Amino acid sequence: MLGYDAPDGLVAIRLSEVEAYRGVGEDPGSHAFRGRTARNAVMFGEPGHLYAYFSYGMHVCLNIVARPAGLSSGVLMRGATVVAGIDLARQRRPGVNDRDLARGPGRLSRALGVPLGAGGSDLLESPFELRVPEAPLHSACGPRTGVSGDGGGTAYPWRFWLPGDEGVSPYRRHKLAAE
DNA sequence: ACTCCGATTGGCT
DNA sequence: GCCAATCGGAGTA
């Protein structure tokens, strides 16, 4: 579960789907593959911090840094259900079904109200709250969505989701590398 | 300086 | 199913 206490109120979500990205030279699908830049610097920093990036000119996507500082990594939060502050989440996403409030990476950041500028924040400190499930979850894994080129195929089956969970994002075929 | 394009979404056919 | 929206980063010159 991840909560964010924004100036206008608190929303918390329960994650249903994530994608893992490794780092320099290891993972062609990773923003860190070609080395450290100003944009991806957070991926090289402390685990538990927030790597936020801006995509398609309109969306903010949120990642949790997972590996020790000096390496590089990110876990993209792709799908979730709202478990607290649902009225506020509805305000932030007018006209959207409750199920769809956080079901997708761009939707998720909007429902939580996390701005791009929050990138680099420690998710273990206020105004964030990150909690891990008490018992292990049964998850499925498969190819990552939307990743083009070599990083998208079955060589990197690092999309993880909870089968049947309503917070899993709608399936989209990833772009396959040439065969 | 200039071009290409994306870890997407929502609206329209 | 198809496609426009929208803009910063990264690669090239």
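In this text, all values refer to a predicted model and were calculated from it rather than measured experimentally.
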Whole-Å distance separating the [atom1] atom of [X] from the [atom2] atom of [N]:
X	N	atom1	atom2	value
W161(A)	dA7(B)	CH2	P	19 Å
M58(A)	dG8(C)	CE	C1'	13 Å
E19(A)	dA7(B)	CD	C1'	6 Å
R110(A)	dT9(B)	CZ	P	9 Å
R36(A)	dA10(C)	CZ	C1'	17 Å
E17(A)	dT8(B)	CD	C1'	13 Å
L108(A)	dA7(B)	CG	C1'	13 Å

Got a donor-acceptor contact below 3.5 angstrom from the [X] side chain to the [Y] backbone?
X	Y	value
R14(A)	M1(A)	no
R131(A)	L2(A)	no
N63(A)	L50(A)	no
D27(A)	R22(A)	yes

Below 4.0 angstrom from OP1 or OP2 of [N], is there any side-chain N or O of [X]?
X	N	result
H31(A)	dG9(C)	no
R34(A)	dA10(C)	no
R107(A)	dG10(B)	yes
T37(A)	dA10(C)	yes

Quiz item: Do Y21(A) and H31(A) have ring centres separated by under 6.0 Å?
Solution: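 Not close enough - the centres of the two rings lie 6.0 Å or further apart.
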
Quiz item: Taking everything shown except R34(A) itself, do over 12 heavy atoms lie less than 6.0 Å from its CZ?
Solution: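 No, CZ of R34(A) has 12 or fewer neighbouring heavy atoms, counting only those of other groups under 6.0 Å.
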
Quiz item: Which parts of residues 38-57 of chain A get close to DNA chain C, meaning a heavy atom less than 4.0 angstrom away?
Solution: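 Residues of residues 38-57 of chain A that come under 4.0 Å of DNA chain C are, in numerical order, R39(A), F54(A), Y56(A), G57(A).
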
Exercise. Output all residues satisfying salt bridge (charged side-chain N to carboxylate O under 4.0 Å, His left out) with D100(A), sequence neighbours left out; order by chain, then residue number.
Key: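 For D100(A) the salt bridge (charged side-chain N to carboxylate O under 4.0 Å, His left out) partners, ignoring immediate neighbours, are R103(A).
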
Self-check item: ILVMFWY network linking V83(A) to L10(A), side-chain heavy atoms under 4.5 angstrom
Solution: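 Unlinked, V83(A) and L10(A) end up in two clusters.
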
Quiz item: Is it true that L15(A) and L162(A) fall in one hydrophobic cluster, defined by side-chain heavy atoms closer than 4.5 Å?
Solution: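 L15(A) does not cluster with L162(A).
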
Check nucleotides 11-13 of chain B against the protein and report each pair of N or O atoms closer than 3.5 Å, with its distance, or say if there are none.
none

Quiz item: Given H59(A) and F54(A), is the ring pair (Phe, Tyr, Trp, His ring centres under 6.0 Å) satisfied, shown in steps?
Solution: CA-CA 6 Å; H59(A) 303 296; F54(A) 188 61; 8.3 Å; no

Exercise. Would you indicate which nucleotide in dA7(B), dA5(C), dT9(B) comes nearest to any side-chain atom of L76(A)?
Key: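 Taking heavy atoms from C-beta onward, the closest nucleotide is dA7(B).
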
Practice problem: Take atom C1' in dC3(C) and the same atom in dC5(B), then report the distance between them in whole Å. | Solution: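 Looking at atom C1' only, dC3(C) and dC5(B) are 16 Å apart.
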
Quiz item: In dot-bracket, 5' to 3', how would DNA chain C read with Watson-Crick or G-U wobble pairs under 3.5 Å, [ ] for crossing ones and | for pairs to another strand?
Solution: |||||.||||||.

Self-check item: Non-neighbouring partners of A69(A) that pass side-chain contact (heavy atoms from CB on, under 4.5 Å), sequence neighbours left out
Solution: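 E46(A).
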
Quiz item: Under the 4.5 Å side-chain heavy-atom rule for ILVMFWY, direct or indirect, which residues accompany L71(A)?
Solution: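 Reading the cluster by chain and number, L71(A) sits alone, since nothing else belongs.
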
Exercise. Classify the nucleic acid contact of G104(A) as base, sugar-phosphate or nothing, counting any heavy atom under 4.0 Å across all strands shown.
Key: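 G104(A): backbone/sugar contact only, no base atoms under 4.0 Å.
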
Quiz item: Which part of the nucleic acid, if any, lies within contact of R93(A), taking any heavy atom under 4.0 Å across all strands shown: a base, the sugar-phosphate backbone alone, or nothing?
Solution: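 Sugar-phosphate, no base atom in range.
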
